Amino acid sequence: MHERRRYAGTETKTLLTTRKTRDMKIAIWNVNSIKARLDHVLQWLGDARPDVLMIQELKGLEFPAAAFTPLGYHATFVGQKTYNGVATLTRTPVTPLLERLPGDDSDEQARYLEIDYNGTRLINIYAPNGNPVDSEKYPYKLAWLERLRLHVAGLRAKALPFIIGGDFNIIPDDRDCYDPKVWQDDALFRLESRQQFRALMNLGLTDALRVNNQSDGAYTFWDYQAGAWPQNKGIRIDHFLLSPDIADRLQACVIDKTPRGWDKASDHTPVVLEIT
DNA sequence: ATGGCTTTATGCTAAAGA
C-alpha cells in the first residue's frame with residue numbers, strides 16, 4: 001500500500017480515486033425530539049443515504065434503534081429524560097469511547113458522544129444554549145466549551161484524526177445570521193461564546209462549510225416563530241470542525257434545507273460532509 | 001394583519017429551546 005501523499009498532483013489524484021473504500025458521507029441533524037421526528041429522519045436517511053448520521057436533541061431517555069435496522073444502521077446513543085440527548089447512526093456496529101464530555105464529573109447532561117469509526121474519532125455534540133445570559137446557564141455553556149477545547153487539545157497533541165459535528169449553539173460570525181444586531185446580546189452570539197469557538201478553531205481545526213462557501217445566508221436553523229423560515233431569517237449554529245488530516249480529505253460540505261420545509265419540521269436542518 | 005411556535009411532562013401550565 002502506498003503512503004498517503006500530502007500535496008495535490010496527478011499521482012495523488014490517481015491515488016485518491018482508487019481508494020473509494022475510504023469515501024465517507026457523514027451528516028449532522030438536530031431533530032428536536034427523535035420521537036416527534038422519527039418519520040422525517042427515516043425519510044431523509046432513505047433519500048440521502050449517509051454512512052453516518054449524528055443526531056442531536058433526542059429529548060428522551062430511550063432511542064428507537066430498531067426503527068433504523070431495516071435501513072442498515074446501528075445506533076449508539078446517550079439519552080436523558082425530557083432534554084438533550086445525542087445518537088450516532090453507523091453502517092457498522094461501534095463501541096463508544098466517551099459518553100460524557102470530560103472535565104466535570106458532576107455534569108449529568110447528555111450532550112456528548114465520541115466513537116471510533118475506522119480510525120477516526122467521530123464526536124457528536126449538543127452544546128448548551130446558554131440563554132438567558134444572566135442565569136447560571138451562560139457560565140455553564142462557557143465552561144462546557146472550555147472543557148471541549150481542553151479535550152480536543154489532547155486529541156491534537158496525540159495527532160489523532162477527528163470530526164466534531166453537531167449543534168454548537170454558536171453563531172461564529174456576522175454573516176452567519178440574518179441580522180447581527182438582533183443577536184448581539186444573545187448567548188449564541190455573545191463575544192465570550194464566539195471567543196470560545198475561535199479558541200477551538202485555533203487548535204488547527206477547519207470549519208468544513210466555509211472551505212468552499214463564503215456566502216451569507218448559509219443557515220442551519222430557523223425559528224418556528226415570526227415566519228423565520230419563509231423569510232429566511234436563519235442562523236448557522238450546526239457545524240463540522242475537522243482535524244487537519246481530515247480537512248485534507250474534504251470533498252464537500254453542504255446544508256440540505258429540504259427537511260426544514262417539511263410539515264411539522266425540526267427547526268434545524270441537516271449538514272452533510274463528504275471526505276475521500 | 002404589528003402577532004405570529006414546538007416539545008415534554010406522575011401534564012391540563014410551565015419550562016426550555018434559540
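Chain letters run A, B, ... following the sequence lines, proteins first and then strands; every chain starts at 1. None of the values given here were measured: they were computed from a predicted structure.
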> So which pairs with a foot in residues 87-110 of chain A pass ring-ring contact (aromatic ring centres under 6.0 Å, His included), sequence neighbours left out?
Replying inline: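 Qualifying pairs, neighbours excluded: none.
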Interatomic distance at [atom1], [N] relative to [M], whole Å:
N       : M       : atom1 : value
dA16(B) : dG11(B) : C1'   : 15 Å
dC5(B)  : dT10(B) : P     : 25 Å
dT8(B)  : dC12(B) : C1'   : 13 Å
dA15(B) : dT2(B)  : P     : 29 Å
dT7(B)  : dA18(B) : C1'   : 14 Å

>> For Asn169(A), is there any backbone N or O sitting under 3.5 Å from a side-chain donor or acceptor partner on Lys141(A)?
In response: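 Yes, the answer is positive, given that a donor and an acceptor are paired below the 3.5 Å cut-off.
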>> Checking the side chain of Gln184(A) only, and the main-chain atoms of Val182(A) only, is there a donor and an acceptor separated by less than 3.5 Å?
In response: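 Flag not set: sc Gln184(A) to bb Val182(A) has no pair under 3.5 Å.
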> Should Arg37(A) be listed as having a side-chain N or O under 4.0 Å from OP1 or OP2 of dT6(B)?
Replying inline: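 Checking Arg37(A) against dT6(B): no side-chain N or O falls below 4.0 Å of OP1 or OP2.
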> Who passes side chain to side chain donor-acceptor pair (under 3.5 Å) against Glu192(A), sequence neighbours left out?
Replying inline: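 For Glu192(A), the residues satisfying side chain to side chain donor-acceptor pair (under 3.5 Å) (neighbours in sequence not counted) are Tyr138(A), Arg190(A).
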What protein N or O atoms touch nucleotides 1-3 of chain B N or O atoms at under 3.5 angstrom, if any, and at what distances?
none

> Going by the salt bridge (Lys or Arg N to Asp or Glu O under 4.0 Å) test, which pairs reach into residues 217-243 of chain A, not counting sequence neighbours?
Replying inline: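 Checked against salt bridge (Lys or Arg N to Asp or Glu O under 4.0 Å) - neighbours excluded - the pairs reaching residues 217-243 of chain A are Asp176(A)-Arg236(A), Asp207(A)-Arg236(A).
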> With no hydrogens and no angle check, do the side chains of His151(A) and Glu114(A) hold a donor and an acceptor under 3.5 Å apart?
Replying inline: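 There is such a pair (donor and acceptor under 3.5 Å, judged by atom type) between the side chains of His151(A) and Glu114(A).
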List the atom pairs, donor and acceptor, that lie under 3.5 Å between side-chain atoms in residues 35-42 of chain A and the rest of the protein, sequence neighbours left out.
residue, atom, partner, partner atom, Å
Arg37(A), NE, Val31(A), O, 2.9
Arg37(A), NH1, Lys264(A), O, 2.7
Arg37(A), NH2, Asn32(A), O, 2.7
His40(A), NE2, Asp263(A), O, 3.0

> Where along nucleotides 8-18 of chain B does protein come under 4.0 Å, by heavy atom, of base (B) or sugar-phosphate alone (S), with - for untouched nucleotides?
Replying inline: SSS-----SBB
> What integer distance in Å separates Gln231(A):CD from dC5(B):P?
Replying inline: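 Atom-to-atom, Gln231(A) to dC5(B), this comes out as 14 Å.
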> When the aromatic ring centroids of Tyr73(A) and Phe68(A) are compared, is their separation below 6.0 Å?
Replying inline: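 They do not qualify: ring centres at least 6.0 Å apart.
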